[in-house]
Amino acid sequence: MKVTFPDGSVREFASGTTGLQIAESISSRLAQEVLACSINNEVWDLTRPINQDCTIKLHKWDDEEAKHAFWHSSAHLLAEALQEMYPGIQFGIGPAIESGFYYDVDPGETVIKEGDLAAIEAKMLELAAKKDSLIRRDITKSEALKYFGERDETYKCELINDLEDGTITTYTLGSFTDLCRGPHIPSTEEIKAIKLTSVAGAYWRGDEKRKMLTRIYGITFPKKKMLDEYLVLMEEAKKRDHRKIGRELELFAFSQAVGPGLPLWLPKGTALRTRLEDFLKRIQKNFGYQQVMTPHIGQKELWVTSGHYAKYGKDSFQPIHTPQEGEEFLLKPMNCPHHCEIYKVTPKSYKDLPVRLAEFGTVYRYEQSGELHGLTRVRGFTQDDAHIFCRPDQLKEEFLKVMDIISIIFKALNFENWEAQISLRDPNNKEKYIGSDENWEKSESAIVEACQEKGLNAKVELGEAAFYGPKLDFMVKDAIGRRWQLGTIQVDYNLPERFELEYTGEDNQKHRPVMIHRAPFGSMERFVAVLIEHTGGKFPLWLTPDQVVVLPISEKFNEYAQEVAKTLDKQDIRCIVDDRNEKIGRKIRDNELKRIPYMLIVGEKEFENGEVAVRKQGEGDKGTMKVANFSDIITQEVEKMINQFN
RNA sequence: GCUGUUGUAGCUCAGUGGUAGAGCACUUCCUUGGUAAGGAAGAGGUCACGGGUUCAACUCCCGUCAACAGCUCCA
């Protein structure tokens, strides 16, 4: 048979040759390092015989395919260890994930705790040292059911029953045989370093109505050094946690007295957030938006009309009752009904559209207690919300303009690693959504077309749409790789109908506008959280709460320091003075840790010449210059940044 | 909401069945120092909250609340 290599070269091998043998034929070094292979672009076991002409790619550790196989095999090793340590344990699923793997198990009456993980790790290492191979076997569905049935593996049997008739594969590692598609590494002897990271509950098949299994997470490496490096990396990532930096830099706080999930914005955090809001307001003004303001509550009927109450009412903050008339008001969970009412205040002509109403609107949602997380998931938050009311023929253009705003935001803040997701409705579950099929089809195709037009590589997810319309979301990862949704754009034909929004067309007839809900930041809370983790608290000069700190060498120069600060303040440069009774080295260290971009050191020489000694955060001494000279540099740097998006 | 873990000073964390400790931060004093931690003294805690066991609970048990990791959810 002919085997084609990635470089295009072709070699002849006997039928039945394995990927591993092919690697050996190239070099023994390669054979040692290779973990998996791709045959005709499908990942295979190295030990699986190849019987026909094919292309081959050999995967070493650096390839995702190799890591995936390695971690998948590690999950089997974990299962083997658990089976030996907890007889009668039942197995759910055990896949490889982005970094590492997990296995879902049902240990019956026994509880597996975090404290047990070290013993399980030791067992895994012991089993790995046996150098067992992972052996692939093809069996029929009935054989599989018989095998796992005899072992009371109810979860495995359920999985098998859901499979198509035909060949089913199993893999055997030592005493443990698992239902598994593969592929795997040839032997667990390659697994040299193991860290079981956490144990947590996970519903069987992700269904909260079904049993909660025990999920054990872990990660493994072929070299001990790699695990050490990974652990150091995780430690570094934790230092960027926005909850930690938020406290250190006094940006925000939570108070038990105020309540869970209700953030308090401290002065410095507020300064940062306000600057972001002002930046967006300026961009939106250029894009023809108008700012509005609406109250934090509204009559319950508003959300009955919108459909939100039927869908989320039960799980929300409950209505406020007026003492006399017994009327019901809701803390607003959404701004759209208020904005619809603003639209209705004056009759609209087709010439008025699009109407773009923007508001930094604070909303309240009763998130489940287990969901609260720093600033990323809270119960009271401010959306950088806007609703665009437009004619159907303007929809695509408006959608594209919103995409432009989001791209400006991401560019301005140097967000490079974001992903886009198109969320459509689940075609098999249409009753979960409101609105006509026709409107859904129109909205969904509008989004898909807009993405195509922009050449945006967006992942399509069925069943992820909001109940009133499809959406395009922009996701960014946090310090330890969790994905958060930031910007969102949603097309909506339903609310205009429910609120009976109209405009008079060219034909002098009443027409229904289309609505776009959009929030480029998403929520100020979540965006600031992700920005903190992204920058590690080293905010860009134009955003940072304190841009400059003046450090007098001794108390003799405190007065001059104040004078410098005053001069800079007049130029709208945010400047503080560190006049503590400390040595200059100490002041530098402390302000370095506070991540203030510029330190101005002033002593005898500077005082005499009307100068400052400039020190840049993270870079060190930049020499002395006149105060006016310094303020010009700062002002220009900030203006340059802001103006490029104007 | 579910599973597991945790809760001791503003922060990071020790600690024990006999009513509490460190470092940093804070206050005062000394020092007036030139590019990442000067020195001394002091103040600060209902050991999350509520029950129970015990002669005695911060420590053991139960419950509540909150935080953390994950699951589910996310208009």
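Sequence lines set the chain letters: A, B, ... in the order given, protein chains first and strands last, and positions in each chain run from 1.
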Once you round it to whole Å, what is the distance between [atom2] of [N] and [atom1] of [X]?
| X | N | atom1 | atom2 | answer |
| --- | --- | --- | --- | --- |
| A/I588 | B/G33 | CD1 | C1' | 12 Å |
| A/L372 | B/G1 | CG | P | 9 Å |
| A/Y103 | B/G70 | OH | P | 22 Å |
| A/L375 | B/A67 | CG | C1' | 15 Å |
| A/R215 | B/A69 | CZ | P | 16 Å |
| A/K314 | B/G1 | NZ | C1' | 13 Å |
| A/N581 | B/C30 | CG | P | 9 Å |
| A/D590 | B/G38 | CG | P | 9 Å |

Starting the side chain at C-beta, find the nucleotide from [options] nearest to [X].
| X | options | result |
| --- | --- | --- |
| A/P333 | B/U3, B/A75, B/G33 | B/A75 |
| A/E606 | B/G34, B/C71, B/U3 | B/G34 |
| A/I584 | B/U35, B/G4, B/G33 | B/U35 |
| A/R247 | B/C2, B/C73, B/C11 | B/C11 |
| A/S369 | B/G1, B/A36, B/G34 | B/G1 |
| A/Q368 | B/A69, B/U32, B/G1 | B/G1 |

Output yes when at least one side-chain N/O atom of [X] is less than 4.0 Å from OP1 or OP2 of [N], else no.
| X | N | answer |
| --- | --- | --- |
| A/R482 | B/G70 | yes |
| A/H373 | B/C74 | no |
| A/R243 | B/C11 | no |
| A/T214 | B/U3 | no |

[M] and [N], which share atom name [atom1], separated by this distance in whole Å:
| N | M | atom1 | result |
| --- | --- | --- | --- |
| B/G7 | B/U59 | P | 11 Å |
| B/G17 | B/A56 | C1' | 8 Å |
| B/A36 | B/C29 | P | 28 Å |
| B/C13 | B/C58 | C1' | 16 Å |
| B/G44 | B/A22 | P | 14 Å |
| B/G63 | B/U6 | P | 15 Å |
| B/A9 | B/C47 | C1' | 10 Å |
| B/G51 | B/C65 | C1' | 14 Å |

What does [X] touch in the nucleic acid at a heavy-atom separation under 4.0 angstrom: a base, only the sugar-phosphate, or nothing?
| X | answer |
| --- | --- |
| A/E582 | base |
| A/F254 | nothing |
| A/K471 | sugar-phosphate |
| A/L551 | nothing |
| A/H517 | nothing |
| A/Y102 | nothing |
| A/P260 | sugar-phosphate |
| A/E248 | nothing |
| A/Q617 | nothing |
| A/Q256 | sugar-phosphate |
| A/S316 | base |
| A/G603 | base |
| A/K311 | nothing |
| A/G620 | nothing |

Report the base-pairing partner of [N] (Watson-Crick or G-U wobble, both distances below 3.5 angstrom), or none.
| N | answer |
| --- | --- |
| B/C73 | none |
| B/C47 | none |
| B/G21 | B/C13 |
| B/A66 | B/U6 |
| B/C29 | B/G39 |
| B/U54 | none |

Do other residues, nucleotides or ligands put more than 12 heavy atoms under 6.0 Å from the [atom1] atom of [X]?
| X | atom1 | answer |
| --- | --- | --- |
| A/K538 | NZ | no |
| A/Q318 | CD | yes |
| A/K123 | NZ | yes |

Just checking, any donor-acceptor pair under 3.5 angstrom between side chains of A/Q90 and A/T154?
->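 Short answer, yes.
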
Nearest-nucleotide 5' precedence on RNA chain B, A/A613 against A/D241 |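 On the 5' side of the pair lies A/A613.
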
More 5' along RNA chain B: A/S198 or A/G206, using each one's nearest nucleotide?
->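 It is A/S198, whose closest nucleotide lies nearer the 5' terminus.
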
So, under a plain 3.5 Å distance rule, would you say the side chain of [X] forms a donor-acceptor pair with the base of [N]?
| X | N | result |
| --- | --- | --- |
| A/E555 | B/U32 | yes |
| A/Y203 | B/G70 | no |
| A/E114 | B/G70 | no |
| A/R210 | B/C2 | no |
| A/R377 | B/C74 | yes |

So, A/D590 and A/R580, do they make that salt bridge, N to O below 4.0 Å?
->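 Looking at A/R580 together with A/D590, the answer is yes, because their closest N to O distance falls below 4.0 Å.
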
Any ion pair linking A/K332 and A/E341 (charged N to carboxylate O, less than 4.0 Å)?
->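 Looking at A/K332 together with A/E341, the answer is no, because their closest N to O distance does not fall below 4.0 Å.
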
Test the A/R379-A/Y366 pair against the cation-pi criterion, namely NZ or CZ under 6.0 angstrom from the six-membered ring centroid and within 45° of the ring axis.
->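 Yes; both conditions hold, so A/R379 lies above the ring face of A/Y366.
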
How far apart are the C-alpha atoms of A/F630 and A/Y598, what are their side-chain angles, what is the distance that settles it, and do they pass the ring pair (Phe, Tyr, Trp, His ring centres under 6.0 Å) test?
-> CA-CA 10 Å; A/F630 174 76; A/Y598 287 99; 5.5 Å; yes

Any A/L472 side-chain heavy atom under 4.5 Å of A/F399 side chain =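 Heavy-atom side-chain distance check passes, below 4.5 Å.
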
Compute the ring centroids of A/H387 and A/Y343, then answer whether they are less than 6.0 Å apart.
->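 No; A/Y343 has its ring centre 6.0 Å or more from that of A/H387.
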
If you measure from the ring centre of A/Y312 to the centre of the six-membered ring in the base of B/A75, is it under 5.5 Å, with the planes under 30° apart?
->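 It does: the two rings, one from A/Y312 and one from B/A75, meet the stacking criterion.
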
